[in-house]
Amino acid sequence: MIDVQSQPDDRRIPIKKVGVKDIRYPIIVRDKARDTQATIASCSMYVDLPQDFKGTHMSRFIEVLNRRHGRITLNNFVSILDELKEELEAKSSHVVMEFPYFIEKGAPVSGERSLMEYNCRYIGEINHASKNFQVGISVPVTTLCPCSREMSERGAHNQRGIVTVTLEFKKFFWIEDVIDVIESCASAPVYALLKREDEKYLTDRAYEHPMFVEDLVREVTRKLRGDSNFTWLKVEAENFESIHNHSAYAMVEWENDDAGE
């Protein structure tokens, strides 16, 4: 049969990314409590396409996934990038896998157990000059406004927010450890299940630990950059304001200048 994708194209326009987007696929993630955790990722996979070719072979992206039979982990993720680049005769490859990750947490006073969901990402890219792999983790938190607490006589407004950390690193690390760092920097952590005594505890804790988004990104950055395993990081915080018609946002990006030494 005619290979239409490999036919020449005379428009002479190279394509930076072409591929498949939002494929739902099972993956295995390391779990600190239970060794491994099975979850479902939304996968997007791309390669570059030189100006001389009409199209890429979309089926090969799925074939690369299927060869792993769902056994995709942090340790073999980069091999997918290498294989895509080779299979599709490309100069660059780019893969993003976004997945829910669950941790069983006990409420702070009652001890009631429940599963808390966190959104995580594997992000990888290979090109002619470099090979990059990042892990992203999004953590819901509670923040209480320091300004509101100072001005008000009967309380202070608080809100739920999201802290998103993206990391480059030297060796394996536990997702749970990064989540612990982020939650410790917020006014209070968020839980899936709380009893009344837990709500009181968290409300009081938030009042005693007021945080602007600026405070939040600085504290998370300060703690994470103290870990020599992390060579680059980006910390973002978004507060879904409870008394404003907008969100508050802050971002810090940091690179360890000594990482290459």
Side-chain angles (χ1 to χ4, degrees), residues 26-42 72-74 97-122 134-145 156-167 169 172-213 215-227 229-230 233-242 247 250:
I27 66 170
I28 302 296
V29 184
R30 291 293 306 277
D31 184 314
K32 192 173 184 179
R34 297 177 175 82
D35 188 38
T36 62
Q37 179 177 146
T39 185
I40 302 293
S42 177
I72 297 169
T73 68
L74 187 144
M97 293 186 179
E98 188 165 356
F99 56 91
Y101 185 76
F102 293 90
I103 297 176
E104 186 178 53
K105 293 174 66 175
V109 180
S110 70
E112 288 282 348
R113 311 294 294 179
S114 62
L115 287 177
M116 186 71 191
E117 178 184 352
Y118 301 90
N119 288 322
C120 301
R121 288 159 301 286
Y122 292 163
Q134 300 172 343
V135 173
I137 305 167
S138 294
V139 179
V141 297
T142 296
T143 58
L144 184 135
C145 177
H157 81 82
N158 56 41
Q159 53 274 316
R160 189 160 53 91
I162 295 286
V163 176
T164 298
V165 170
T166 308
L167 299 160
F169 49 94
F172 174 84
F173 66 92
W174 293 108
I175 290 174
E176 292 88 342
D177 291 345
V178 175
I179 291 172
D180 286 344
V181 168
I182 295 170
E183 291 182 336
S184 73
C185 294
S187 298
V190 171
Y191 293 81
L193 174 62
L194 296 171
K195 307 300 283 186
R196 282 180 294 179
E197 58 267 36
D198 302 309
E199 291 189 23
K200 180 185 184 307
Y201 171 85
L202 291 171
T203 301
D204 291 341
R205 174 192 159 97
Y207 191 80
E208 294 300 322
H209 298 85
M211 283 277 173
F212 292 126
V213 285
D215 297 315
L216 194 49
V217 293
R218 283 171 170 155
E219 275 301 296
V220 174
T221 300
R222 183 182 67 84
K223 288 192 176 183
L224 288 177
R225 74 182 181 184
D227 187 333
N229 186 37
F230 300 128
L233 58 86
K234 180 168 69 172
V235 180
E236 300 171 88
E238 181 179 2
N239 282 349
F240 309 117
E241 294 286 288
S242 59
S247 291

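The chain is numbered in sequence order, starting from 1.
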Set of salt bridge (Lys or Arg N to Asp or Glu O under 4.0 Å) partners for [X], sequence neighbours left out:
X	value
Asp204	Lys200
Glu176	none
Arg160	none
Arg205	none

Close side-chain approach of [X] to [Y], heavy-atom, < 4.5 Å:
X	Y	answer
Leu194	Pro108	yes
Leu202	Thr142	no
Phe173	Leu167	yes
Val217	Val213	no
Ser138	Arg121	yes
Gln134	Lys234	no

_Run the side chain to side chain contact (heavy atoms under 4.5 Å, CB included) test against Arg196 and tell me which residues pass, sequence neighbours left out._
none

*What pairs with Thr39 under side chain to side chain contact (heavy atoms under 4.5 Å, CB included), at least two apart in sequence or on another chain?*
Ile27, Val29, Phe99, Pro100

Acceptor/donor pairs from residues 111-119 side chains to any protein atom, 3.5 angstrom cut, sequence neighbours excluded:
| residue | atom | partner | partner atom | Å |
| --- | --- | --- | --- | --- |
| Ser114 | OG | Leu193 | N | 3.4 |
| Tyr118 | OH | Lys105 | NZ | 3.3 |
| Tyr118 | OH | Glu183 | OE2 | 2.8 |

The criterion is side chain to side chain donor-acceptor pair (under 3.5 Å); which residues satisfy it with [X], sequence neighbours excluded?
X	value
Asn239	Thr143
Ser110	Asp198
Ser247	Glu238
Lys195	none

I need the minimum non-hydrogen distance between [X] and [Y], along with the two atoms involved.
X	Y	answer
Ile162	Thr164	CG2-OG1, 3.7 Å
Arg225	Leu233	N-CD2, 4.1 Å
Ala186	Met211	C-CG, 4.3 Å
Ala188	Ala206	CB-CB, 4.2 Å

*Check each of Val235, Val135, Val139 against Val165 using the side-chain contact (heavy atoms from CB on, under 4.5 Å) test, and report the only one that passes.*
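Result for side-chain contact (heavy atoms from CB on, under 4.5 Å) with Val165: Val235.
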
*Quick one: ring pair (Phe, Tyr, Trp, His ring centres under 6.0 Å) partners of Phe240, sequence neighbours excluded?*
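With neighbours one apart ignored, the set is empty.
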
With rounding to the nearest 0.5 Å, note down the distance linking [atom1] in [X] to [atom2] in [Y].
X	Y	atom1	atom2	answer
Arg30	Asp35	CZ	CG	5.0 Å
Lys32	Ile179	NZ	CD1	11.0 Å
Ile137	Tyr101	CD1	OH	9.5 Å
Glu208	Leu144	CD	CG	10.0 Å

*asked:* What verdict does the side-chain contact (heavy atoms from CB on, under 4.5 Å) test give for Cys185 and Leu216, after you've listed the backbone C-alpha separation in whole Å, the side-chain angles of each residue and the deciding distance to 0.1 Å?
replied: CA-CA 6 Å; Cys185 294; Leu216 194 49; 4.2 Å; yes

*For atom OH of Tyr201, decide whether the heavy atoms of other residues, nucleotides or ligands shown that lie under 6.0 angstrom number more than 12.*
no

*Do any N or O atoms from the side chain of Ser242 and from the backbone of Asn158 form a donor-acceptor pair under 3.5 angstrom?*
yes

